[in-house]
Every structure is written in structure tokens, then in C-alpha cells.
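Heavy atoms only: backbone and side chains are in, while hydrogens, waters and symmetry mates are out. Keep in mind it's a predicted model, so treat the numbers as computed, not measured. Just so we're on the same page: letters track the sequence lines, and every chain starts at 1.
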Number of protein chains: 2
Amino acid sequence: MRETDIEALRQLPLFENATAETLRVATAGALLQPFPAETTLLIEGAPSDCLYVLLDGQVELHASWNGSDTVLSIARPVSMFILAAIVLDADALMSARTLERSLIAMIPGDAVRTAMRLDPHFAGAVARELAGGYRGMVRSTKNIKLRNNSARLANYLLTLRAAGGFGAVVRLPYDKRVIASLLGMTPESLSRSFSALGTQGILVSGPVVTIRDVSALEAIAKPDPLIDMHAPRCAEIRADTDAEIWASEQTRTSCR
Amino acid sequence: MRETDIEALRQLPLFENATAETLRVATAGALLQPFPAETTLLIEGAPSDCLYVLLDGQVELHASWNGSDTVLSIARPVSMFILAAIVLDADALMSARTLERSLIAMIPGDAVRTAMRLDPHFAGAVARELAGGYRGMVRSTKNIKLRNNSARLANYLLTLRAAGGFGAVVRLPYDKRVIASLLGMTPESLSRSFSALGTQGILVSGPVVTIRDVSALEAIAKPDPLIDMHAPRCAEIRADTDAEIWASEQTRTSCR
DNA sequence: GTGCATGTTTGATGTGGATCAAGTAGCAGC
DNA sequence: GCTGCTACTTGATCCACATCAAACATGCAC
């Protein structure tokens with residue numbers, strides 16, 4: 001990777017405050033590579049050789065069992081994935097697939113682990129990143145175990161609205177079938193849940209959703225700060241399951 | 001806490017290889033306290049003041065939304081909980097409640113974060129612990145999103161069997177209603193799932209389950225190493241969601 | 001434009017599992 | 001023993017959601 005490309009990695013909270021030396025060690029042997037859409041980068045069960053950093057595009061993280069498949073998270077720039085597997089040098093638990101043409105940095109796992117050993121501050125940053133990811137998964141589990149399809153969809157729309165600056169119009173960031181799987185339902189059920197929301201002032205036109213009555217939507221969603229990320233925010237969502245980092249960052253730095 | 005009590009914390013992978021100094025810093029101001037059964041230690045949404053280490057007993061980690069409640073994990077000795085919240089100095093996402101009389105060490109969060117800053121090796125141990133917890137949550141999410149009630153129960157029984165040395169008889173470690181919630185179903189459904197397994201050579205008598213035909217059970221469970229922890233193991237399960245650590249440890253040390 | 005693939009919606013139907021309700025078993029206290 | 005409490009089971013019913021199937025849209029290749 002070129003020097004300027006490596007600097008791009010500083011957009012990650014993980015490398016934000018890293019010393020030049022740590023960044024050099026951590027990214028030794030890293031590659032920057034574009035991938036076409038619909039490309040499988042990693043299959044679950046495979047050893048995790050390198051940490052992936054998504055610089056541009058979209059990557060779906062999914063898993064399968066017994067012939068069926070579910071989307072666990074979607075990475076959006078700039079974010080990384082399979083950090084946990086890298087830290088433990090373990091097999092990946094998810095598969096990764098590009099949804100669109102994506103620019104991805106691949107950092108050898110050894111380099112990351114070496115940097116953790118050498119730089120306590122970096123190891124701390126890794127720990128905070130993983131803590132955020134863990135909490136994202138806890139939120140996701142609560143979402144799935146406690147809420148029904150309508151409530152999950154309603155909260156998802158509120159999350160998008162918050163991420164998009166609280167406008168009345170939100171744009172669905174990926175195909176509805178992907179959203180359906182992410183929300184733990186079938187595409188048919190998502191479609192029906194959308195039309196059920198039609199009576200509550202939600203208009204859907206392709207990927208564009210218009211929210212005419214936020215309080216009606218909230219009445220269905222019953223949002224909860226311990227599950228959702230609807231709070232006013234400064235940064236964009238980077239991935240559905242590791243959005244915790246900025247949430248705590250934000251608290252500390254008062255949205256600056 | 002007394003010197004000898006602090007040594008007990010070394011049973012945690014987190015402190016296993018910590019220097020005496022790090023252990024001293026990390027546990028500064030820690031308290032050791034017994035709690036009666038059915039005691040709420042922590043309510044979700046509360047600031048996480050200290051890291052809890054369960055030395056004896058059982059603690060249920062649960063969460064609620066809109067009047068309903070679900071068990072997310074159960075901590076068994078020796079394990080810790082709410083590490084992620086401590087690392088980020090964030091509000092707890094789960095409530096914690098003792099299921100039986102429990103002996104618990106409470107370590108101030110500041111001390112843990114200070115130790116992370118001072119000792120890179122300790123920060124690395126925290127990162128590995130969190131990585132294990134994250135992966136446990138990923139497994140749990142896959143379990144819930146991909147499998148039905150029967151498959152979840154069947155795999156749960158296989159997990160207990162593996163943890164108990166692969167004997168034909170396993171003992172349910174907690175009340176069935178707790179297991180039901182942990183597995184994401186109602187007590188009624190758990191009861192019916194158990195009786196459905198009766199035709200497959202599973203006998204249930206109170207907390208004792210006899211597995212007469214493992215392959216029949218496996219045919220229902222379709223166990224998957226990327227979801228379950230059925231593999232032969234040396235250590236006991238410490239908690240349902242952070243059992244990943246020993247799995248990787250074990251790989252490295254060949255079960256020694 | 002036509003043709004074809006892919007994604008989405010709509011309709012009909014089925015079912016896994018929740019809910020509601022009653023009954024039973026186990027156990028502590030007396 | 002009896003009483004009361006709690007956990008669990010069993011039965012009847014219901015409903016949220018999945019499944020199956022067909023129609024409909026959208027976009028692209030040509």
C-alpha cells in the first residue's frame with residue numbers, strides 16, 4: 001500500500017490516534033484492492049488471514065446453516081470487519097460478500113497482532129472497537145428476541161432517519177431483500193410490514209421512504225436507547241453492528 | 001479484597017498471565033461480596049461502575065423491552081460480565097440477577113481502564129476476552145436467526161453433553177423457564193420440544209436428561225462448529241456467550 | 001423496441017410457536 | 001399429614017409469520 005492510502009486508514013477510530021510507527025507496523029504487508037460487486041471475499045469457517053477495511057462500497061456479512069442464510073451486518077465505509085477473528089487468530093464465523101464495487105484494504109492478521117503487542121494504546125483501541133462490536137451484537141440480539149417484524153422495521157426506519165439528519169425522506173441503503181434478511185424476516189414479510197405502515201403515514205416508493213408522521217412511527221417502534229441508535233448523531237453509521245464506538249465517543253466529546 | 005481473594009481472580013483468562021503489579025492496579029478498590037439468590041446486581045441503562053467477577057454461584061444476564069424480558073446469557077464461575085460496558089465507560093445494556101447465592105468480586109471500572117493503559121499485555125488480554133464475547137454473540141445470533149425451537153434445544157443438549165464429558169446423562173444447570181428464555185422460546189414451547197424429542201430417545205425427568213441415541217439427536221440438531229461449542233473440550237463452560245476464549249486457547253495448547 | 005433476468009408485491013394457504021387456561025408435580029413450612 | 005407456593009406440563013386456540021405461487025415492475029443486453 002502507498003503512504004497516502006495508509007493515511008486513509010486513519011479514518012478508522014482504531015487508527016485515529018495511532019502513532020506513525022504503530023500504523024506502519026500494523027499495516028505491514030497490507031494490500032489495497034478493488035473488488036467487483038457480488039464478490040465473496042471470505043467464507044465462514046475459513047482461517048482469517050487478514051483484517052478487511054472497507055474504504056468504499058458495501059459489504060454484506062452473512063452466515064448460513066442447513067441451507068438457509070441470514071445477513072448479520074452490513075459494513076459501510078469506513079469500517080472494518082472480522083477483527084474479532086483476527087485478534088484470536090480463529091476461523092471466521094461469517095462470510096463476507098461485496099454488494100457493490102468496493103475498495104478494500106487487507107491487512108495481515110500477524111501485523112495487527114504484532115502492533116497490539118508493541119503498542120498498549122493500540123491494544124486499547126482494539127479492545128474499544130471490539131467492545132463496541134460486542135455491544136452492537138447485544139443490541140441486535142435484543143432487537144430480534146424481543147420485537148416483532150413491524151417493530152423491527154419501524155425502528156430500522158427511525159435509525160435511517162437519524163443517520164440521515166432527521167429529514168422526512170429516507171433512502172433505503174440496499175436492496176429490500178437484504179434489509180429483510182438483516183431484520184430477520186422474509187422479503188414478503190418486509191413488503192407486507194411496509195404496507196401495514198402505510199396506514200401510519202409511511203409512503204414507500206422503490207428505495208425511497210417518506211415518513212409523514214414520526215410519532216405514529218415511534219408508537220409502533222417504541223424505540224429504546226438500549227437497543228437502537230436513534231439518538232442525534234454527528235457521524236454516519238459505519239456498520240450496523242459496530243456503531244457503538246462513536247456513540248460513546250460522542251457522549252464524551254459532546255458531538256464535536 | 002484480601003491478597004488470597006485477589007489470587008482467585010487469576011482463574012480468569014483475563015488475569016491468568018498478568019503481572020503482580022498489573023493485577024494490583026487492575027483490582028485496586030475491588031470488593032468481594034456474597035449476594036443472596038434472586039438479587040438484582042445491575043439494571044440495564046445504569047452506568048457501569050464496576051466489572052463483576054463471578055467466583056461462585058450463577059448470574060443471569062437479561063434484558064427487557066416493552067414489558068417482556070429475555071435471558072441473553074448466564075454467567076457461571078469463574079467468569080466476568082459487563083466488560084464491554086466497562087471498557088467504553090458506557091451504560092449497561094443488560095441487567096444482572098443472581099439465580100442462586102453467589103460470591104462476586106466487584107472491580108472499579110477506573111482500575112480496569114487504568115491497567116489497560118499501563119500494561120499492553122493486559123490490554124491485549126481484554127481485547128481477546130472481548131473478541132471471544134463478540135464471537136459468542138455472533139454464534140447466538142446465528143442460532144436464533146437460523147434455527148427453529150427444536151434445533152436450538154437439540155443443540156443445547158449436545159452442548160451440555162460435551163461440557164459434561166459426553167456421558168449419556170446431562171443435568172440441566174438451571175430452571176427450565178430460564179433455559180427457555182435463553183433459547184428464545186416460551187416455557188410451554190420448551191416443554192413441548194422436550195416431549196417431541198421423546199420419540200428420538202430423549203428422556204426427561206426433572207432436571208435430568210438422558211440421551212439414549214446421540215445420532216438421532218444430532219440429526220435434529222445438525223450441529224455446526226461455527227454456531228455451537230460441541231467440540232471435545234478440556235475446560236468447563238464459563239458463560240454461554242464468552243466460551244470462545246478457551247476454544248482458541250485449546251487449539252493452541254492442544255488441550256493441555 | 002423485444003426478451004430476459006432480477007427484485008418486489010400481492011394473494012392464498014399452512015404452520016410453528018405463542019397465548020390462554022387448567023391441571024399436576026414437587027417441595028418448604030408447619 | 002395439610003397448606004400454599006412455584007415450576008412444570010398439557011390442552012385448546014390463535015396469530016404472526018413463512019411458504020408457495022403468480023403477477024408485476026425495473027433494468028439491462030441486444
Rounding to a whole Å, what distance do you find between [X]:[atom1] and [N]:[atom2]?
X: E188(A); N: dG7(C); atom1: CD; atom2: C1'; answer: 11 Å
X: R177(A); N: dA25(D); atom1: CZ; atom2: C1'; answer: 16 Å
X: E38(A); N: dA5(C); atom1: CD; atom2: C1'; answer: 13 Å
X: R152(A); N: dA18(D); atom1: CZ; atom2: P; answer: 8 Å
X: D175(B); N: dA25(C); atom1: CG; atom2: C1'; answer: 14 Å
X: I179(A); N: dT9(C); atom1: CD1; atom2: P; answer: 10 Å
X: L153(A); N: dC17(D); atom1: CG; atom2: C1'; answer: 14 Å
X: K145(A); N: dG17(C); atom1: NZ; atom2: P; answer: 14 Å

Next item on the list: Give, ordered by number, those residues of residues 191-207 of chain B having at least one heavy-atom distance below 4.0 Å to an atom of DNA chain D; if nothing qualifies, reply none.
Entry: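 The stretch gives S191(B), R192(B) as the residues lying under 4.0 Å from the strand, ordered by number.
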Checklist line | Residue pair L226(B) / G45(A): nearest heavy atoms and the distance that separates them | finding: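 Between these two residues, the closest heavy atoms are CD1-N, 3.5 Å.
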Item checked: Closest contact, heavy atoms only, E100(B) versus S102(B) ->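 Of all heavy-atom pairs spanning E100(B) and S102(B), the closest is O-OG, 2.8 Å.
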Next item on the list: For D175(B), check side-chain hydrogen bond (donor to acceptor under 3.5 Å, both in side chains) against everything at least two apart and list the hits.
Entry: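 side-chain hydrogen bond (donor to acceptor under 3.5 Å, both in side chains) check on D175(B) returns R177(B).
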Notebook entry, point to check: Does T186(B) have a side-chain nitrogen or oxygen under 4.0 Å from the phosphate oxygens OP1 or OP2 of dA18(C)?
Noted result: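 For dA18(C), OP1 or OP2 has a side-chain N or O of T186(B) closer than 4.0 Å.
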Margin query: Quick check on dA18(D): is either OP1 or OP2 less than 4.0 Å from any side-chain nitrogen or oxygen of N148(B)?
Written below: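 It does not, given that no N or O in the side chain of N148(B) lies less than 4.0 Å from OP1 or OP2 of dA18(D).
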Item checked: Q58(A) side chain vs P173(A) backbone, donor-acceptor pair below 3.5 Å ->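 Here the side-chain-to-backbone pair exists.
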Next item on the list: Could you tell me whether R147(A) and D228(A) make a salt bridge, using a distance below 4.0 angstrom between a side-chain N and a carboxylate O?
Entry: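 Result for this pair is yes, salt bridge flagged.
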Notebook entry, point to check: Taking it one step at a time, do V214(A) and R161(A) satisfy side chain to side chain contact (heavy atoms under 4.5 Å, CB included)?
Noted result: CA-CA 10 Å; V214(A) 174; R161(A) 188 180 99 96; 3.5 Å; yes
